Amino acid sequence: MTLIDPRPGMVAAMAALAEETGLALDGEYFAANLGPPLEMIFRGFEAPEERIPWLVARFRALYPDIVIPATVALPGAGDALEAVREAGGRTLVVTGKYGPNAAKHLAQFGWQVDTLVGELWSTAKGEALRAHGASIYVGDHEGDVAGAHAANAISVGVPTGPRTAEELLAAGADVVLPDLTEFPVWLKAHLSSL
């Protein structure tokens, strides 16, 4: 929910998995609270622990045909990536999503990024951010704020996902923008202040 809005497809994919398995998987709740890893989500739905690896694999298998076609780019996403390149920076996407499916989203919108790292959540994102020298990390969830801080990067929050601007600030975001359409102007001002 930082670069893309996959919620309608997420609801549909979880509904398909619920129908296939007979488990009480709430797609609407899932889509409204995107961010945590699938394992945590399935545990929250009280799926039997021994079935969780299969549920994760099956959800990932359903994803390309159900979620990708229903996903839209969030306003300003492409321009935000381009602003980083224009400033001489490198683009890095660090996501909780399964890497191959995240790559399909990038290809869907024709977005070129220097590096994509998938399947990381919260402070674990900080490891990838540090490894790739990120100084700014933009996200929509308190887990993203924690990841940025774990890497000593500036946390830029956008309330385009499950958390409000107030919640992102309370989680410690250094900056909160209404959405990514504001990011190029913020980035230019930030870099000129250094």
Side-chain angles (χ1 to χ4, degrees), residues 1-13 30-37 60 63-122 125-126 128-129 132-148 151 153-165 167-169 171 173-191:
M1 294 295 303
T2 303
L3 296 172
I4 61 171
D5 183 354
R7 289 175 297 182
M10 294 291 213
V11 172
F30 171 56
N33 294 281
L34 294 176
R60 289 174 175 168
Y63 195 102
D65 293 331
I66 297 175
V67 182
I68 299 287
T71 298
V72 298
L74 285 171
D79 291 340
L81 292 169
E82 188 56 35
V84 173
R85 278 191 286 283
E86 286 177 3
R90 293 180 43 233
T91 54
L92 166 66
V93 172
V94 180
T95 179
K97 285 189 185 318
Y98 179 55
N101 286 339
K104 287 177 173 61
H105 282 300
L106 294 173
Q108 171 188 22
F109 298 109
W111 295 333
Q112 300 293 319
V113 299
D114 294 300
T115 306
L116 166 65
V117 181
E119 298 181 71
L120 294 178
W121 166 244
S122 191
K125 289 183 175 188
L129 294 170
H132 293 282
S135 60
I136 299 167
Y137 184 58
V138 183
D140 66 284
H141 199 282
E142 66 268 13
D144 297 325
V145 174
I154 294 171
S155 171
V156 177
V158 286
T160 50
R163 301 298 179 252
T164 65
E167 289 171 321
L168 292 169
L169 286 168
D174 299 301
V175 177
V176 175
L177 305 173
D179 58 35
L180 286 177
T181 64
E182 304 287 329
F183 182 78
V185 171
W186 175 85
L187 179 62
K188 189 172 184 179
H190 169 70
L191 294 175

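Positions are given from 1, in the same order as the sequence printed here. Not measured: the values here are computed from a predicted model.
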Student: Looking at every non-hydrogen atom in both residues, tell me the closest pair between Gly139 and Asp144 and how far apart they are.
Tutor: CA-OD2, 3.3 Å
Student: Please lay out, stage by stage, how Val93 and Trp111 fare under the test side-chain contact (heavy atoms from CB on, under 4.5 Å).
Tutor: CA-CA 11 Å; Val93 172; Trp111 295 333; over 6 Å; no
Student: Taking all non-hydrogen atoms of both residues into account, name the closest pair between Ala31 and Val11 and its distance.
Tutor: CB-CG2, 3.5 Å
Student: Can you confirm whether the side chains of Asp140 and Thr160 place a donor and an acceptor under 3.5 Å from each other?
Tutor: no
Student: When rounded to the nearest 0.5 angstrom, what distance separates CG in Asp114 from OG1 in Thr91?
Tutor: 4.0 Å
Student: Give, for atom CG of Leu34 and atom OG1 of Thr95, the distance between the pair rounded to the nearest 0.5 Å.
Tutor: 10.0 Å
Student: The criterion is side-chain hydrogen bond (donor to acceptor under 3.5 Å, both in side chains); which residues satisfy it with Tyr98, sequence neighbours excluded?
Tutor: none
Student: Can you see which heavy atom on Ala173 is nearest to which on Gly157, and at what distance?
Tutor: CB-N, 4.3 Å
Student: Quick one: does His190's side chain get under 4.5 Å of Ile154's, heavy atoms only?
Tutor: yes
Student: Sequence neighbours excluded and cut-off under 3.5 Å, please list the side-chain donor-acceptor pairs for residues 66-87, or say none.
Tutor:
| unit_1 | atom_1 | unit_2 | atom_2 | d |
| --- | --- | --- | --- | --- |
| Thr71 | OG1 | Val67 | O | 2.8 |
| Glu82 | OE1 | Arg85 | NE | 3.4 |
| Glu82 | OE1 | Arg85 | NH2 | 3.4 |
| Arg85 | NH1 | Gln112 | O | 2.7 |

Student: Lys97 and Ile4: side-chain contact (heavy atoms from CB on, under 4.5 Å), yes or no, with the steps?
Tutor: CA-CA 12 Å; Lys97 285 189 185 318; Ile4 61 171; 3.8 Å; yes
Student: Quick one: do Val117 and His132 satisfy side-chain contact (heavy atoms from CB on, under 4.5 Å)? Show the steps, please.
Tutor: CA-CA 10 Å; Val117 181; His132 293 282; 4.1 Å; yes
Student: Output yes when a side-chain donor or acceptor of Tyr137 lies under 3.5 Å from a complementary backbone atom of Val94, and no otherwise.
Tutor: yes
Student: Considering all heavy atoms of both residues, which atom of Leu177 and which atom of Pro159 are nearest to each other, and what is their separation?
Tutor: O-CD, 2.9 Å
Student: With a 4.5 Å limit on heavy-atom distance, are the side chains of Val158 and Arg163 in contact?
Tutor: no
Student: Would you say the side-chain atoms of Lys104 and Tyr63 include a donor-acceptor pair closer than 3.5 Å?
Tutor: no
Student: What's the spacing between Arg60 CZ and Asn101 CG if we round to 0.5 Å?
Tutor: 8.0 Å
Student: How far apart are the closest heavy atoms of Ala134 and Leu92, and which atoms are they?
Tutor: CB-CD2, 4.1 Å
Student: Tell me, with the steps shown, if His141 and Met1 meet side-chain contact (heavy atoms from CB on, under 4.5 Å).
Tutor: CA-CA 9 Å; His141 199 282; Met1 294 295 303; over 6 Å; no
Student: Can you name the nearest heavy-atom pair linking Pro162 to Ala32, along with the distance?
Tutor: CB-O, 3.3 Å
